[in-house]
Amino acid sequence: MSLTDFFSPINPDSFTPKQGFFTSQLGLKAHIYTESFPDFEENTYDLAIFGVLDGRGAVNNEGTALAPDYFREKFYKLNEGAFNSRIVDLGNIKHGATIADTYIAIKMVVSELIKKDIIPIIIGGGQDLTYGQYLGYEDLEQKVDLVVIDNQFDIGDDDHEGIATRSDCYLNKIFLHQPNYLFNFSNVGYQTYFVNQESLSVMDKLYFDVHRLGEFAQDITLTEPIIRNANMISFDMGAIRSADAAANANTTPNGFDGEEACRIVRYAGMNDKLTSIGFYEFNPAYDNNGQTAFLLAQMVWYFVEGFYARKKDFPLTPKSQFMIYRTSLKDGSGEMMFVKSKKSDRWWMQVPYPSGQTKNERYHLVPCRYDDYQTAVNGEMPDLWWRTYQKLN
């Protein structure tokens with residue numbers, strides 16, 4: 001099937017201001033599917049926006065299917081930054097006969113775009129659509145590192161047959177999916193009173209990385225190495241505090257503020273590994289003067305800016321652009337190696353693969369902070385190194 005089979009065009013009246021766009025605005029910079037479907041043979045695109053008009057899996061948040069066009073109304077009025085964007089808007093995926101049909105449509109679109117070296121930016125619906133986004137990696141023959149920005153873990157009871165699920169339990173489908181191609185899961189911004197201790201225990205046993213909101217209260221840059229480890233990201237707008245993003249029936253008083261959310265997604269854009277991102281649970285029915293739509297538009301703008309600011313320094317090519325640091329553990333049990341990029345000053349640690357597990361690579365590279373290196377310099381093993389080593393085994 002062709003990509004055009006999945007999409008319906010956008011009514012230009014839904015996002016075009018009465019006076020039209022200025023030449024600097026994204027509404028004239030992007031190729032938007034309003035009449036003829038974009039030609040991928042004649043044009044080169046870096047980023048593909050598409051909406052999903054299906055909110056059936058959004059628990060207690062009916063109305064998320066309306067999100068895409070409300071987002072576009074704000075996004076295309078923004079001016080292009082100091083970059084020459086190559087953005088295509090493919091229009092909207094209509095909801096399928098069943099929610100499973102929608103997931104399959106998302107899967108096929110995400111997979112096809114990644115094969116074309118185009119990053120999908122998914123807007124709309126409940127966070128259960130993350131499962132469709134994840135399925136897009138099934139035929140790509142690679143392990144996936146998933147990062148979710150959310151105030152809780154969506155691993156509730158799931159009694160759906162097949163691939164259908166809900167926004168409060170979609171992670172079950174991902175964790176149990178066969179074949180298993182999930183290498184790591186990270187949560188950024190969970191709030192402890194929304195998470196039961198049994199769920200925390202499950203995350204610990206699986207050596208997944210989960211991070212409380214309070215960890216970033218004084219320094220949002222601590223999210224950067226976590227985000228840098230992702231192949232795909234799912235952002236629940238409910239992770240943002242209600243004062244800054246009220247358009248979600250499940251919003252709460254605490255969470256990231258608007259500026260922090262924009263910085264997080266800019267880090268995502270700068271991540272050389274990242275190949276897809278989805279923004280879910282925005283519900284225009286609860287928006288106040290379009291403020292959440294504005295924030296979402298600005299978040300995607302920062303993602304685009306981050307993408308065009310990529311350093312292309314994912315280790316170790318060329319090796320001359322990196323510095324290698326070696327440290328020894330206090331107990332003499334071994335040596336640890338760290339890599340620092342000369343371009344961006346970002347750090348990675350090398351975690352060895354078990355003997356005989358891979359013929360091509362000796363080390364798995366994990367994004368880390370300078371603090372992890374300092375821990376190793378003091379002769380201690382960083383927790384991140386140990387968790388990664390356990391997963392490799």
Side-chain angles (χ1 to χ4, degrees), residues 10 14-16 21 24-33 38 45-53 64 66-93 106 109-110 113 118-125 127 129-130 133 147-150 188 223 227 230 232-240 244-245 247-248 256-271 274-284 287 290-310:
I10 311 157
S14 67
F15 64 88
T16 306
F21 290 109
S24 61
Q25 290 178 314
L26 289 169
L28 288 183
K29 298 291 185 179
H31 186 164
I32 305 170
Y33 176 29
Y45 303 111
D46 299 317
L47 305 164
I49 295 170
F50 67 87
V52 183
L53 306 181
T64 57
L66 301 174
D69 285 348
Y70 281 87
F71 154 78
R72 290 185 176 101
E73 181 187 359
K74 307 300 183 185
F75 180 70
Y76 288 121
K77 291 178 183 177
L78 301 179
N79 291 292
E80 189 177 49
F83 46 81
N84 294 317
S85 58
R86 297 189 297 183
I87 301 172
V88 61
D89 189 327
L90 300 176
N92 297 319
I93 292 178
I106 295 171
V109 170
V110 167
L113 289 172
I118 299 171
I119 295 180
I121 302 173
I122 307 165
I123 307 292
Q127 202 174 18
L129 300 181
T130 305
Q133 181 185 350
V147 172
V148 172
I149 295 91
D150 200 342
V188 175
T223 62
I227 298 296
M232 63 170 282
I233 288 178
S234 171
F235 200 121
D236 185 334
M237 294 298 288
I240 305 171
D244 289 12
N248 180 316
F256 294 110
D257 64 34
E259 181 181 351
E260 290 170 336
C262 288
R263 292 181 69 180
I264 288 171
V265 294
R266 189 176 189 277
Y267 295 146
M270 293 182 69
N271 173 9
L274 188 79
T275 49
S276 74
I277 187 168
F279 298 88
Y280 305 109
E281 299 291 337
F282 163 48
N283 189 341
D287 212 354
Q291 290 303 293
T292 309
F294 261 127
L295 176 58
L296 177 54
Q298 290 167 8
M299 289 166 64
V300 175
W301 188 97
Y302 274 104
F303 177 81
V304 174
E305 185 190 52
F307 174 83
Y308 286 108
R310 286 188 173 187

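The structure displayed is predicted, hence computed values, not measured ones. Throughout, numbering of the chain's residues begins at 1 and tracks the sequence.
- Residues G124 and A67 share a closest heavy-atom pair of CA-CB, 3.9 Å.
- Other residues, nucleotides and ligands contribute over 12 non-hydrogen atoms within 6.0 Å of the OH atom of Y33.
- Residue L47 holds its CG atom at 11.5 Å from CG of D89, rounded to the nearest 0.5 Å.
- To the nearest 0.5 angstrom, D46 atom CG is 8.0 Å from I118 atom CD1.
- When only modelled atom types and interatomic distance are considered, S24 and N79 share a side-chain donor-acceptor pair under 3.5 Å.
- Put simply, the side chain of E281 does not reach to within 4.5 Å of the side chain of F235, judged on heavy atoms.
- Between E80 and S85 the shortest side-chain heavy-atom distance falls below 4.5 Å.
- Atoms CG and CG, on N283 and N248 in that order, are 7.0 Å from each other to the nearest 0.5 Å.
- Without hydrogens or angle criteria, D236 side chain to D150 main chain gives no donor-acceptor distance under 3.5 Å.
- Partner D287 forms a side-chain contact (heavy atoms from CB on, under 4.5 Å) with one of L296, T292, L295, L66 and no other, that one being T292.
- Here the side chains of I121 and I123 are in contact, with some heavy-atom distance below 4.5 Å.
- Of all heavy-atom pairs between A268 and I233, the closest is CB-CD1, 3.5 Å.
- Between Y308 and F83, the two ring planes are parallel [angle under 30°; tilted spans 30° to 60°].
- At distances below 3.5 Å, at least one donor-acceptor pair connects side-chain atoms of N271 with backbone N or O atoms of I227.
- When all heavy atoms are compared, the tightest approach of G306 to M270 is O-CG, 3.3 Å.
- In this structure the side chain of L274 reaches within 4.5 angstrom of the side chain of R310, judged on heavy atoms.
- Side chain to side chain, S14 and E73 fail the donor-acceptor criterion of an N or O pair below 3.5 Å.
- Taking CD1 from I49 and NE2 from H31, the interatomic distance works out to 13.0 Å, rounded to the nearest 0.5 Å.
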Check: Between I122 and I277, does a side chain to side chain contact (heavy atoms under 4.5 Å, CB included) hold up when you go through it step by step?
Finding: CA-CA 6 Å; I122 307 165; I277 187 168; over 6 Å; no
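- Scanning both residues, V52 and P68, for their nearest heavy atoms gives N-CG, 3.8 Å.
- Counting heavy atoms from C-beta outward, F50 and V109 have side chains that approach closer than 4.5 Å.
- When side chains are defined from C-beta on, V188 counts as touching V147, because their heavy atoms get closer than 4.5 Å.
- Counting heavy atoms from C-beta outward, Q127 and V148 have side chains that approach closer than 4.5 Å.
- Here M237 contributes atom CE and Y280 contributes atom OH; the two are 13.0 Å apart, rounded to the nearest 0.5 Å.
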Notebook entry, point to check: When you look at I119 and F303, which way does the side chain to side chain contact (heavy atoms under 4.5 Å, CB included) test go after all the steps?
Noted result: CA-CA 11 Å; I119 295 180; F303 177 81; 4.1 Å; yes
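- Scanning all heavy atoms of the two residues, the minimum distance from F15 to Y76 falls at CD1-CD1, 4.0 Å.
- For the pair F75/R72, no side-chain contact is recorded, criterion being any heavy-atom separation below 4.5 Å from C-beta on.
- Here the side chain of E260 pairs a donor or acceptor atom with the backbone of D257 at under 3.5 angstrom.
- The two residues G258 and I240 have their closest heavy-atom pair at N-CG2, 4.5 Å.
- With rounding to the nearest 0.5 Å, the separation of CZ in F71 from CZ in F279 is 8.0 Å.
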